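Predicted model only: the values in this text are computed from it and were never measured. Sequence lines set the chain letters: A, B, ... in the order given, protein chains first and strands last, and positions in each chain run from 1.
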There are 2 protein chains.
Amino acid sequence: MKTFSISEVAKELDLTVYTLRYYDKEGLMPFVERTPSGTRLFKETDIGALKIVECLKASGMPIKEIKNFIDWCSDGDSTLQQRYDMFVERKATVEAQMEELKKTMEIIEHKCFYYKTALEAGTEDIHKNNKIGSFD
Amino acid sequence: MKTFSISEVAKELDLTVYTLRYYDKEGLMPFVERTPSGTRLFKETDIGALKIVECLKASGMPIKEIKNFIDWCSDGDSTLQQRYDMFVERKATVEAQMEELKKTMEIIEHKCFYYKTALEAGTEDIHKNNKIGSFD
DNA sequence: GTTATACCTCGAGCCCACTCTAGGTTTCGG
DNA sequence: CCGAAACCTAGAGTGGGCTCGAGGTATAAC
């Protein structure tokens, strides 16, 4: 079976080898096998698992909670409920983040417009004259 | 003109007074006036400006870059172009974050389904039997 | 076979964004 | 006018997530 070195995996996932070893230290990859001399050998499935780790990270989950999930995976079917619940909760937090980001975007787009018109006028004052104290 | 104390502003923006004082220390609120004895007096417009700071923070901008923006604001119309460019660039990064979050969401939804069916079956094995090594 | 490169661990260091403590002053209700 | 609560500064401490240096072993290319 084909295996991959830590630097190959780092390149694939756009991480550094430092980061991968740090994840290992934090218990996020207990499944990765080693050569007799200690060199890590990553399988395709390991890379798949790390992609889930990255996904959870991208959802804003801290390393320690991701570790809980990994531990549950190691514990087998008895933890299926926890893992399901976790993903359902993640879904909710990501939805909230999307909402938040949408609001942020609206303000930023408004500011793009604000500065475009100000640039055209050569001064910000055109906005100040319209609505006093709006910080528009 | 009505003014607000630091704790009122903290409550309004859902921040701590510590955080607000930290922002001040970092130069994010050079516009906030003081009483002769040094107590900060926030105006409505100051709160508006802080909302923009929060917006930039929510867009992932680090404090130091937000400070640049605040400095540009103090410098007046000569920095209109920089500020416009900054918001256009912010727009792009927020768009990228939205894309990223969408991908994250897809994986999470897939996992919700994965665990829902596994729970119904009582074991994760039903997935393992379908696609070997997919970490689905 | 040797030399360069990649791998390893352990622990220290770094950066960011707060968060809090100590020690002090001010303001405000009764 | 007094005591509680809110304000202030300077600087130390915290937690998360890396990032790196030192010192050493292993493997691969020539």
Exercise. Counting side-chain heavy atoms from CB outward, which of C:dT9, D:dC7, D:dC18 is closest to A:Tyr23?
Worked result: D:dC18
Exercise. Has A:Lys11 got a side-chain N or O lying under 4.0 Å from the OP1 or OP2 atom of C:dA6?
Worked result: no
For this session: Name the closest nucleotide to the B:Tyr18 side chain, picking from D:dC20, C:dC20, D:dA6.
Result: C:dC20
Exercise. Between A:Thr19 and D:dT19, is there a side-chain N or O to OP1/OP2 distance below 4.0 Å?
Worked result: yes
Problem set entry | Terminal axes of the helix from C:dG1-D:dC30 to C:dG30-D:dC1 (five pairs each): angle between them, nearest 10 degrees | 20°
Problem set entry | Parallel, tilted or perpendicular, as decided by the 30° and 60° cut-offs, for the rings of B:Phe69 and A:Tyr115 | perpendicular
Seminar exercise, completed: Between A:Tyr22 and A:Thr35, whichever has its closest DNA chain D nucleotide further toward 5' is A:Tyr22
Problem set entry | Identified side-chain hydrogen bond (donor to acceptor under 3.5 Å, both in side chains) counterpart of B:Asp85 within the set B:Gln81, B:Gln82, B:Arg83 | B:Gln81
Problem set entry | Phosphate contact (D:dA26 OP1 or OP2) by A:Arg34 side-chain N/O below 4.0 Å | no
Seminar exercise, completed: Result for 5'-nearest mapping on DNA chain C, choosing between B:Ile63 and A:Lys25, is A:Lys25
Problem set entry | Minimum-distance nucleotide to A:Arg21 side chain [options: C:dT9, D:dT19, D:dC7] | C:dT9
Exercise. Closest to the B:Thr39 side chain: D:dC7, C:dT21, C:dC18?
Worked result: D:dC7
Problem set entry | Residue whose nearest DNA chain C nucleotide is more 5′ - B:Lys64 or B:Ser37 | B:Lys64
For this session: Would you please confirm or rule out a distance under 4.0 Å between OP1 or OP2 of C:dC16 and any side-chain N or O of B:Lys67?
Result: no
Exercise. Can a salt bridge be assigned to the pair B:Lys51 and B:Glu12 using a cut-off of 4.0 Å between side-chain N and carboxylate O?
Worked result: yes
Exercise. Linking I/L/V/M/F/W/Y whenever any side-chain heavy atoms sit under 4.5 Å apart, do B:Phe87 and B:Met98 land together?
Worked result: yes
Problem set entry | Check: B:Trp72 main-chain N/O paired with B:Asp75 side-chain donor or acceptor under 3.5 Å | no
For this session: For residues B:Ser59 and B:Val94, report the shortest heavy-atom separation together with the two atoms involved.
Result: CB-CG2, 3.6 Å
